[in-house]
Amino acid sequence: MKLYNTLTRKLDDVAPLDGRTVRIYSCGPTVYDHVHIGNLSAYIFADTLRRALKVAGNLETQHAMNYTDVDDKTIRRSHERFPDDDPAAALVKLTDECISIFNEDMVRIGNDASALTFVRATDPKTIWGMQDLITKLHAGGFAYIADDGVYFSIEAYKKAGKTYGQLLELSSANTSEARIQNDEYDKESVHDFALWKTQKDGEPSWDFTLDGHDLKGRPGWHIECSVMSRQILGQPFDIHTGGVDLIFPHHENEIAQSTALEDNPVMATIFAHNEHVLVDGKKMAKSAKNFYTLQDVIAKGFDPLAFRVKMLQSHYRSQVNFTWESLEAAQNLLQNLRAWADLKHQKAAHNAAASAGYKEAIQKVFDAVQDDLDTPSAFVQLAKLVADGETSGVDPDKIQPLLNILDRLFGLSLAERPDIAHEQKDLLAEREAARGSKDWTRSDELRGTLGKQGIGVRDTDGGPVWFRQ
RNA sequence: GGCGCCUUGGCGGAGUGGUUACGCAGAGGUCUGCAAAACCUUUUACACCGGUUCAAUUCCGGUAGGCGCCUCCA
């Protein structure tokens with residue numbers, strides 16, 4: 001499988017470092033609120049990448065994702081929501097709630113959460129690991145203690161012969177005087193970033209002593225991913241995913257933290273980044289208030305999987321402009337896919353010869369997803385299968401295995417769709433009888449009854465074929 | 001200011017130096033008891049200006065517009 005690597009700026013082959021299992025780490029959500037559908041698109045990307053490696057690439061995978069459950073936003077929001085609780089308890093209440101909503105969203109959009117190992121930044125093991133790494137970085141001369149916390153020294157990192165700026169060319173213009181002066185933190189150099197922040201009033205904290213200093217406080221953002229990825233996957237691992245906005249500084253800083261003390265300059269072989277979902281041509285962002293949540297999508301009457309289809313119909317490295325109209329098109333396509341899958345229940349649509357192209361189609365789908373996760377091309381093949389099914393029917397023996405594969409690859413839940421109810425079958429049979437005796441009034445009446453139950457009927461040479469509307 | 005990306009038909013969205021992507025939607029028709037589906041036809045697609053070429057939407061240069069990162073952000 002080929003995947004675009006931000007580190008090398010080209011398509012690289014995914015070849016597991018240990019020769020057996022592709023280890024993937026995906027930056028997860030900051031759990032202070034509902035995530036928006038732009039956030040979810042990043043997880044659809046990561047989920048589809050893992051599925052493609054497993055199903056099309058026939059590789060073992062191990063996939064980890066974090067919950068950032070302590071930062072400025074989670075702390076502030078937990079105060080607002082639970083003002084009477086002490087800071088630590090309020091933080092747990094808020095983040096527990098947000099994590100549970102997030103997990104529901106993940107399932108609704110078809111992501112296989114069971115394939116993921118989730119870790120919280122505040123997990124005691126993570127906290128301990130972060131403190132341990134900070135202690136070692138400090139001992140190695142890569143971290144220094146300031147008034148408000150512990151910082152990573154990029155100068156020391158560079159002096160050790162390491163490259164800061166592996167993912168992004170950093171120009172001197174980035175170090176503007178204005179930014180240095182506006183910076184409220186007490187760091188030595190603009191790019192230096194906090195590994196640990198000492199406690200401010202009303203903030204939750206963890207005990208930490210470093211070099212005789214009492215640094216009771218909380219971790220910085222970047223350090224958690226360095227530690228969690230190493231604890232779960234080891235290091236270096238194979239693929240690190242995230243949105244393009246995380247390229248700098250987050251992933252750059254992760255690399256610095258993770259490689260400062262190592263001989264190997266690489267944290268992960270491949271960094272893969274997904275582009276953003278836009279609304280009205282602008283980046284969807286909480287701060288711009290131009291975002292939608294999955295709850296908004298559902299409230300508008302859409303199936304969450306229609307959003308998945310919408311995302312899979314475009315390439316992960318292209319920006320997608322989200323509009324309700326385009327979501328409707330995706331929902332229609334989803335409905336067509338479902339109608340195709342439902343043909344397996346219907347004798348009138350069975351045709352043993354229909355499977356002639358299945359093998360080739362699935363091969364084309366596999367080829368597409370293995371070519372830098374080209375899901376749009378894969379969906380062209382799906383559309384062809386659907387069109388063939390409508391004209392030529394489906395092979396009752398071969399379609400189920402095909403649906404199973406497609407579900408494992410795309411997560412659209414096409415394989416386990418149930419048959420219609422016996423009562424509805426009886427109505428269909430009754431309508432056929434009425435048609436046989438040319439009782440068109442009765443026939444149309446029965447079609448109307450089925451229509452009210454969400455079942456449409458089309459008459460074919462082989463008999464009536466129903467479809468869910 | 002620095003770095004990078006994008007601009008395709010009514011909407012979305014691939015792709016290619018010369019031949020219909022595809023999805024969704026619209027119009028007309030064939031078929032049908034009526035429908036549906038399918039099929040056929042249809043609405044002069046590739047931002048603009050130059051250049052290279054027998055030939056450019058596809059390569060090169062420029063112009064315009066848009067977007068992203070450089071600061072928390074998927």
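If you're wondering where the values come from, they're calculated on a predicted model, not measured in any experiment. Just so we're on the same page: letters track the sequence lines, and every chain starts at 1.
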> When we call it a touch if two heavy atoms are under 4.0 Å apart, what does A/F45 touch: a base, just sugar-phosphate, or nothing?
nothing
> Cation over ring, A/R317 on A/Y4, under 6.0 Å and within 45°?
yes
> Once you round it to whole Å, what is the distance between C1' of B/C6 and NE2 of A/H276?
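About 14 Å, once rounded to whole Å.
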> Between B/C70 atom C1' and A/F248 atom CZ, what is the distance in whole Å?
7 Å
> Is the distance between the ring centroids of A/Y67 and A/F118 under 6.0 Å?
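Judged by ring-centre distance (under 6.0 Å), A/Y67 and A/F118 do meet the cut-off.
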> Checking side-chain polar atoms at under 3.5 Å, does A/E252 have a donor or acceptor matched by the opposite partner on A/Q166?
no
> Going by atom types alone, do A/T241 and A/H273 pair a side-chain donor with an acceptor below 3.5 Å?
no
> Answer yes or no for A/K158 and A/Y164: cation-pi contact, defined as NZ/CZ to six-membered ring centre under 6.0 Å and angle to ring axis within 45°.
no
> Centres of the A/H36 and A/Y292 rings: under 6.0 Å?
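For A/H36 and A/Y292, the ring centres are not under 6.0 Å apart.
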> When you look at CD of A/E80, are more than 12 heavy atoms from neighbouring residues, nucleotides or ligands closer to it than 6.0 Å?
yes
> Between atom CZ in A/F467 and atom P in B/A36, what is the gap in whole Å?
9 Å
> Look at the side-chain N and O atoms of A/T441 and state whether any lies under 4.0 Å from the OP1 or OP2 oxygen of B/G33.
no
> Tell me, which stems hold RNA chain B, with a stem being 3 or more Watson-Crick or G-U pairs in a row and both distances under 3.5 Å?
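For RNA chain B the paired stretches long enough to count as stems (3 pairs minimum) are B:1-7 with B:64-70, B:10-12 with B:22-24, B:26-30 with B:38-42, B:47-51 with B:59-63.
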> Which letters describe nucleotides 20-26 of chain B, given B = protein heavy atom under 4.0 Å from base, S = only from sugar-phosphate, - = neither?
-BSSSS-
> Which residue in the set A/D72, A/D148, A/D71 passes salt bridge (Lys or Arg N to Asp or Glu O under 4.0 Å) when paired with A/R218?
A/D72
> Take the protein atom CZ of A/F322 and the nucleotide atom C1' of B/A74, then report the distance between them rounded to whole Å.
16 Å
> What is the distance, to the nearest angstrom, from the CG atom on A/D245 to the P atom on B/C70?
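These atoms are roughly 8 Å apart.
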> For the side chain of A/D459 and the base of B/C31, is some donor closer than 3.5 Å to an acceptor across the two?
no
> Which ones in residues 442-456 of chain A lie close to RNA chain B, meaning a heavy atom under 4.0 Å from one of its atoms?
A/S443, A/D444, A/R447
> Between B/A35, B/C72, B/A74, which one does the side chain of A/K73 approach most closely?
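When the side chain of A/K73 is considered, B/C72 is the closest of B/A35, B/C72, B/A74.
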